[in-house]
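Right, one structure below, let's go through it.
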Amino acid sequence: MPSWRATLTAAEITESDVREDYTAAARRVLRREQAPYLALRLLAAPPLVPYLTAGLAFMNLVDDTAEGPDPQIGLKLLTERVGDALESGDSEDPVLRAYAHAVAARGLPEHWVYDFLAGAASAEAEFDGFAAEADFQDYLDAYAWPGIVVFTGLQYRGGPDEEQAAGWRRFVDAAQRVDFLADLAGDLAGGRLCIPRDRLAEHGVTREDLEQARDTEGVRALLAAECGLAREALDASAGIVDLADPGLRAVGRTMRELMAHQLTQVEDAGVRALRRDIGYGLLAPLRILTQARRPTPTPTT
């Protein structure tokens, strides 16, 4: 793995102050998202790494603001600061300076940035659960989809084309389902129910049943059905690897493998997933990253 300085140079980021901004963004990501950061550093082509790191730092900044105190005020102020940074290239926040530089350097259409900020202020900050599957899909369109593109879209010069953007829409459908299932216990404890209410009714399950982690036939059937939907969405997202830039395909494969592993953990946990959140664990990510770094064998004839 090349040093961070060499990675910045490979991305043709040479000005010392700009390099410092990207370094600040990388430190923010490392504090919050160790697994994705390590996947980028170990597996992505060095010329892409700084831009994607800045994108991930920005995505996290918006998420944190949407989940913080007074999210509407915080997001309104953040949107103004982002607009100023995109227009001028300058900001008091090094993360916003790095991200504005990345958007300009890679040519990401700015509507993805503003769509994400708008979705954060509506779909996320005002989240009140989902009545049905259609509401979940609306949440993806408003918030989760632009949220993944403000990060992954930086791999493409000029931003993703229609087919690539649709591929990331399928990917985030799977990722969000797995994330909601893995975080069921914590979300319920925080007052968030992320399974559509009509699907609870289909299985004769109440919100209290989930909050109390009741081991009933209906609860078990509901969780199994939700895992099945997540597994179908994960299978449908397989094409994202081929739609990614060649320098990011190993990362795409790795993230899908990590999602599949986490979903299996949720399936194995069953009702226990209502009592504690389900993480990746320690050994599985190391094993998956190690396998991804192995050179692909050359086919023999």
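Just so it is clear, the model here is predicted, and its values are computed rather than measured.
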Would you check if the side chain of [X] reaches a backbone N or O of [Y] as a donor-acceptor pair within less than 3.5 Å?
X	Y	value
R199	L222	no
Y22	T53	no
Q155	D245	yes
D242	G239	no
Y99	A85	no
E267	A224	no
Q262	I278	yes
D115	W112	no
D209	V205	no
R19	R5	yes

Quiz item: Which residues satisfy the salt bridge (Lys or Arg N to Asp or Glu O under 4.0 Å) test with E208, sequence neighbours excluded?
Solution: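 Only R214 meet the salt bridge (Lys or Arg N to Asp or Glu O under 4.0 Å) criterion with E208.
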Quiz item: Could you go step by step and tell me if M59 and L56 meet the side-chain contact (heavy atoms from CB on, under 4.5 Å) rule?
Solution: CA-CA 5 Å; M59 183 178 72; L56 188 52; 3.2 Å; yes
Using side-chain heavy atoms (C-beta onward) and a distance below 4.5 Å, is [X] in contact with [Y]?
X	Y	result
V172	S237	no
E232	D235	no
L181	C227	yes
L86	Y114	yes
R170	D173	no
L40	L248	yes
F180	E226	no
Y143	Q176	no

Quick one: pull up [atom1] in [X] and [atom2] in [Y] and give me the separation to the nearest 0.5 Å.
X	Y	atom1	atom2	result
L43	R249	CG	CZ	14.5 Å
R272	Q265	CZ	CD	9.5 Å
L8	T23	CG	OG1	5.0 Å
T152	W168	OG1	CH2	4.5 Å
M259	L234	CE	CG	5.0 Å
D179	L263	CG	CG	12.0 Å

Quiz item: For the residue pair F116 and F58, does the interplanar ring angle fall in the parallel (under 30°), tilted (30 to 60°) or perpendicular (over 60°) class?
Solution: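 Judged by the thresholds at 30° and 60°, the geometry between F116 and F58 is perpendicular.
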Practice problem: Just say parallel, tilted or perpendicular for the rings of W4 and Y37, cut-offs at 30° and 60°. | Solution: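 Aromatic pair W4/Y37 classed tilted.
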Give the cluster check for [X] versus [Y]: same hydrophobic cluster or not, with ILVMFWY residues linked at side-chain heavy-atom distances below 4.5 Å.
X	Y	value
L229	V271	no
L75	F151	yes
L61	L77	no
L210	F130	no
V62	I73	no

Is [X] salt-bridged to [Y], going by a charged N under 4.0 Å from an acidic O?
X	Y	result
E257	R253	no
R177	E133	yes
R28	D93	no
R192	E124	yes
R97	D17	no

Minimum heavy-atom separation for [X] to [Y], with atom names?
X	Y	answer
R207	G191	NH2-O, 2.7 Å
A273	A269	N-CB, 4.0 Å
D198	A132	OD2-CB, 3.4 Å

Self-check item: Residue pair D187, F127: steps toward the side-chain contact (heavy atoms from CB on, under 4.5 Å) verdict
Solution: CA-CA 12 Å; D187 283 342; F127 182 82; over 6 Å; no
Quiz item: Does the pair R32 and D64 meet the rule for a salt bridge (charged side-chain N to carboxylate O under 4.0 Å, His left out), with working shown?
Solution: CA-CA 10 Å; R32 190 182 187 276; D64 291 345; 2.8 Å; yes
Exercise. Assess the side chains of S91 and R81: does a donor N or O sit below 3.5 Å from an acceptor N or O?
Key: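 No, no side-chain donor-acceptor contact under 3.5 Å.
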Quiz item: What's the verdict on side-chain contact (heavy atoms from CB on, under 4.5 Å) for R169 and D141, showing C-alpha distance, side-chain angles and the deciding distance?
Solution: CA-CA 8 Å; R169 175 59 169 76; D141 286 335; 2.8 Å; yes
Quiz item: Could you walk me through whether L223 and L184 pass the side-chain contact (heavy atoms from CB on, under 4.5 Å) check?
Solution: CA-CA 10 Å; L223 295 178; L184 261 175; 3.7 Å; yes
Quiz item: Would the number of heavy atoms belonging to other residues, nucleotides or ligands and lying under 6.0 Å from CZ of R27 be above 12?
Solution: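 No.
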